Amino acid sequence: MSTTTGLSSRESAVLAGVRTGLFIGGEWRPGSNGVVAVDDPSTGEVIAEVADASVEDAQAALAAAVAVQESWAATAPRERGEILRRAFELITERSEDLALLMTLEMGKPLKESRGEIAYAAEFFRWFSEEAVRISGRYSVAPNGATRLLTMKQPVGPCLFITPWNFPLAMGTRKIGPAVAAGCTIVVKPATQTPLSMLALAGIMTEAGLPEGVLNVVTTSHTGQVMGELIKDSRLRKLSFTGSTEVGKKLVAQSAEQLLRISMELGGNAPFLVFGDADLDAAVDGAMLAKMRNMGEACTAANRFIVHESVADEFSRRLADRMGALTVGRGTLDGIDVGPLVDRPSQVKVGELVQDAVDKGATVLTGGGTVGEQGYFFAPTVLKDVAPDTRLLAEEIFGPVAPVTTFSSDDEAVRLANDTEYGLVAYFFSKDLTRALTVAEGLDTGMVGINQGIVSNPAAPFGGVKHSGFGREGGAEGIEEYLDVKYVGIAL
Ligand code: NAP
């Protein structure tokens, strides 16, 4: 692996410890298309090169997954669960190195990376426990003449495509339930952040996962290589986390083989603050909902919709907290906000802010890029944001908080639902009746009441509308990887 000279010896050592080939059938191989570079977003410098797979390489990965599907499905559920449990323990033991690796490839501060490593590992612990709870049912048919038996069986070989913003957790959220259910896997991490997934492949091998159950393919020819796998009749399931735009293409492509599909797509989360809210708690929640992952999260609060009686106070307090955050290279101590992932993201966030300012918004803090090197953007709060600004309609994916106001509960819910997306909504209120009414009225797959974070391995994560379909985590997560077979028995 080639590395830059600007890295510390520990950073270089952590990078050097990662295998960078294609992981196929338990072996590391070079890519037929050479290598593809990985950058550090805080400097723009190349920190690693990983294998660049061709269509044939990816087909070899699928062949490896197909070859062991039957034997893997026949393993004891306890054995599958214990492999996941060992992988959970190994990830936890190595969380410091894994966090540094993630920060180097993705940019987020070390404390955010540590949080993601813990979250990612928890999916393995959760699904190690779910592996032994796969069950069917036995019942008497209404006419009494036959018996009805249902059994759940693994869907079969799966393809996982994951995004750069959570390089490990978006993988473990799929790999955990698939392994627990007895499915085999080809995973393609994002080209910008492949290293965490490659490190995970090594850990899964150490944890005892048999060869061929998990295969990792990195490629810069993404559309072509994934397109060929999706067409392949040996594949049974596609699970994708990423943008709505790409997700729609994949849904169309997956129709050819009628694949089972799960789509975890973009969001435009509203964050409602009612007049009766505990404002201290609401500002704490807002910081979490906005700044987890520096705003580069599908769950990030995208629109702050605040009752007119508390909007000035809330905006001022939020601006004070956002303005006090320290921006810098994520590997350094005391950093709250790292760089955005790349230059186009930095430019896009700047354009969204400029559009809002042009349409009359007031900047309370931040408002522009920070420094010359890397892709930094200042934590920003805007008030008096006009309804027709792009900020309110598009996924911001950066540390920018636009504040608008409402005057009645009906208006709050109408504004919250005024988006094509439907992943998550947050609101703060102390009134129980209002809380239940508003929660029922929100068109989202998830709702956070008086809390700014909903992600939890024990809960079903997922959206409605253009945020996709399918659920990851919770008791529901494993169902995405199981087919139900019904057996009728005559007496
Ligand atoms: P993206 O551009 O859609 O990319 C996601 C993945 O899809 C990457 O691995 C990418 O590969 C791959 N890809 C791109 N074009 C493809 C094609 N034509 N065929 C097959 N695969 C293709 O999204 P992103 O920018 O990485 O991630 C940010 C988006 O993910 C945001 O919209 C965010 O809301 C969403 N997200 C959703 C959730 C959720 O759970 N709902 C969680 C996290 C993120 P390359 O890297 O090689 O381009």
Side-chain angles (χ1 to χ4, degrees), residues 33 36-39 41 50 52-53 55 58 105-106 116 119-120 123 159-174 186-197 216-231 235 238-254 261-269 292-302 340-342 344-345 348 394-398 419-424 444-446 454-457 459-473 477 480:
N33 284 329
V36 51
V38 180
D39 295 348
V50 301
D52 196 354
V55 168
E105 66 175 342
M106 190 273 176
E116 180 180 342
Y119 176 54
F123 284 103
L159 174 62
F160 297 159
I161 304 177
T162 57
W164 51 264
N165 63 339
F166 290 101
L168 196 64
M170 297 302 95
T172 60
R173 211 161 73 168
K174 301 179 193 304
V186 176
V187 59
K188 193 217 75 71
T191 303
Q192 283 161 312
T193 59
L195 302 175
S196 299
M197 185 60 68
V216 184
V217 169
T218 47
T219 181
S220 66
H221 302 74
T222 306
Q224 183 201 10
V225 171
M226 292 298 101
E228 289 302 317
L229 285 197
I230 291 166
K231 270 191 213 166
L235 188 70
L238 168 66
S239 179
F240 172 75
T241 299
S243 62
T244 296
E245 187 190 353
V246 173
K248 286 180 183 175
K249 284 188 203 158
L250 298 181
V251 170
Q253 288 174 27
S254 64
I261 45 178
S262 308
M263 289 283 142
E264 298 287 347
L265 309 179
N268 180 359
R292 175 172 175 243
N293 226 40
M294 304 166 309
E296 291 177 315
C298 52
T299 50
N302 215 61
L340 297 179
V341 74
D342 56 20
S345 302
K348 183 192 160 190
E394 298 178 29
E395 223 182 352
I396 302 170
F397 246 56
T419 169
E420 67 192 10
Y421 295 104
L423 190 60
V424 59
T444 54
M446 301 175 286
V454 292
S455 302
N456 189 319
F461 188 105
V464 298
K465 295 161 68 181
H466 288 208
S467 293
F469 43 80
R471 294 293 179 267
E472 293 190 323
E480 304 277 321

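Just so it is clear, the values below take in all heavy atoms, side chains as well, and ignore hydrogens, waters and symmetry mates. Quick caveat: nothing in here was measured; it's all calculated off a predicted structure. Read the numbers this way: they start at 1 and go in the same order the structure lists the ligands and their atoms.
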Problem - Point-to-point distance, once rounded to the nearest 0.5 Å, from OG1 of Thr222 to NZ of Lys188 - result: 4.5 Å

Fill in the blank from the handout: Counting from 1 in the order shown, the ligand 1 atoms closer than 4.0 Å to a non-hydrogen atom of Ile161 are 6 (C), 7 (O), 9 (O), 12 (C), 20 (C), 21 (N)

Practice task
If you have a sec, work out which protein heavy atom is nearest atom 41 (N) of ligand 1 and how many Å separate them, to one decimal?
Solution key: Leu265 O, 2.7 Å

Exercise for the section: Identify, for atom 26 (O) of ligand 1, the protein heavy atom at the shortest distance, and state residue, atom and that distance. Expected result: Trp164 CD1, 2.9 Å

Run the side-chain donor-acceptor check on residues 465-473: report pairs under 3.5 Å with partners two or more places apart or on a different chain.
residue	atom	partner	partner atom	Å
Lys465	NZ	Asn417	O	3.4
Lys465	NZ	Thr419	O	2.8
His466	ND1	Lys248	NZ	3.3
Ser467	OG	Gly266	O	2.6
Ser467	OG	Gly422	N	2.9
Ser467	OG	Leu423	N	3.2
Arg471	NH1	Gly463	O	3.1
Arg471	NH2	Gly463	O	3.4
Glu472	OE1	Arg173	NE	2.6
Glu472	OE1	Arg173	NH2	3.1
Glu472	OE2	Lys174	NZ	2.8

Exercise for the section: With heavy atoms of Met226 as the reference, note each atom of ligand 1 found under 4.0 Å away. Expected result: 20 (C)

Problem - Protein residue, atom and distance nearest to atom 9 (O) of ligand 1, heavy-atom basis - result: Thr162 O, 2.7 Å

Exercise for the section: Determine whether any heavy atom of Lys249 lies closer than 4.0 Å to an atom of ligand 1. Expected result: no

Exercise for the section: Go through the side-chain N and O atoms of Asp342 and Gln192 and say whether any donor and acceptor fall under 3.5 Å apart. Expected result: yes

Handout entry: Atoms of ligand 1, numbered as shown, that sit under 4.0 Å from any heavy atom of Met170
Key = 42 (C), 43 (C)

Exercise for the section: Check the side chains of Ser239 and Glu480 for a donor-acceptor pair under 3.5 angstrom, ignoring hydrogens and angles. Expected result: no

Handout entry: Those atoms of ligand 1 less than 4.0 Å from some heavy atom in Leu250
Key = 19 (N), 20 (C)

Problem - Pairwise distance CZ(Phe461) to CD(Glu264) - rounded to 0.5 angstrom - result: 6.0 Å

Practice task
Apply the side chain to side chain contact (heavy atoms under 4.5 Å, CB included) test between Pro189 and each candidate in Met170, Met197, Glu105; give the one that qualifies.
Solution key: Met197

Problem - Location of contacts on Asn165 toward ligand 1, heavy atoms closer than 4.0 Å - result: side chain

Exercise for the section: Tell me, with the steps shown, if Leu265 and Phe240 meet side chain to side chain contact (heavy atoms under 4.5 Å, CB included). Expected result: CA-CA 8 Å; Leu265 309 179; Phe240 172 75; 3.5 Å; yes

Handout entry: atom 13 (N) of ligand 1 - nearest protein heavy atom and its distance
Key = Thr222 CG2, 3.6 Å

Practice task
Tell me, with the steps shown, if Gln224 and Val55 meet side chain to side chain contact (heavy atoms under 4.5 Å, CB included).
Solution key: CA-CA 7 Å; Gln224 183 201 10; Val55 168; 4.0 Å; yes

Fill in the blank from the handout: If we number the atoms of ligand 1 from 1 as shown, the ones under 4.0 Å from a heavy atom of Phe461 are 39 (C), 40 (O)

Problem - Arg173 near ligand 1 by a heavy-atom separation under 4.0 Å - result: yes

Practice task
Quick one: pull up OG in Ser254 and CG in Leu235 and give me the separation to the nearest 0.5 Å.
Solution key: 9.5 Å

Problem - Proximal atoms of ligand 1 relative to Phe397 (non-hydrogen, under 4.0 Å) - result: 28 (C), 31 (C), 33 (C), 34 (O)

Exercise for the section: Determine whether the side chain, the backbone, both or neither of Thr244 has a heavy atom under 4.0 Å from any heavy atom of ligand 1. Expected result: neither

Problem - atom 23 (O) of ligand 1 [closest protein heavy-atom partner, distance rounded to 0.1 Å] - result: Ser243 N, 3.4 Å

Practice task
Kindly state if atom 4 (O) of ligand 1 has a protein heavy atom within a strict 4.0 Å cut-off, that is, under 4.0 Å?
Solution key: no

Exercise for the section: Could you tell me which atoms of ligand 1, counted from 1 in the order shown, lie closer than 4.0 angstrom to a heavy atom of Gly223? Expected result: 17 (C), 18 (N), 19 (N)

Practice task
Give the numbers and elements of all ligand 1 atoms closer than 4.0 Å to a heavy atom of Thr191.
Solution key: 45 (P), 46 (O), 47 (O)

Exercise for the section: Please lay out, stage by stage, how Leu159 and Ile161 fare under the test side chain to side chain contact (heavy atoms under 4.5 Å, CB included). Expected result: CA-CA 7 Å; Leu159 174 62; Ile161 304 177; 4.3 Å; yes

Exercise for the section: Name the closest protein heavy atom to atom 11 (O) of ligand 1, giving the residue it belongs to and the distance to 0.1 Å. Expected result: Lys188 NZ, 3.1 Å

Exercise for the section: Show your working on side chain to side chain contact (heavy atoms under 4.5 Å, CB included) between Ile261 and Leu250 and close with a plain yes or no. Expected result: CA-CA 9 Å; Ile261 45 178; Leu250 298 181; over 6 Å; no

Exercise for the section: Look at atom 16 (C) of ligand 1 and say which protein heavy atom is nearest, naming residue and atom and giving the distance to 0.1 Å. Expected result: Val246 CG1, 3.5 Å

Exercise for the section: Give the residue and atom name of whichever protein heavy atom lies nearest to atom 38 (C) of ligand 1, and the separation in Å to one decimal. Expected result: Cys298 SG, 2.9 Å

Completion exercise
Value for CG (Asn302) from CD (Glu395), rounded to nearest 0.5 Å, stands at 7.0 Å

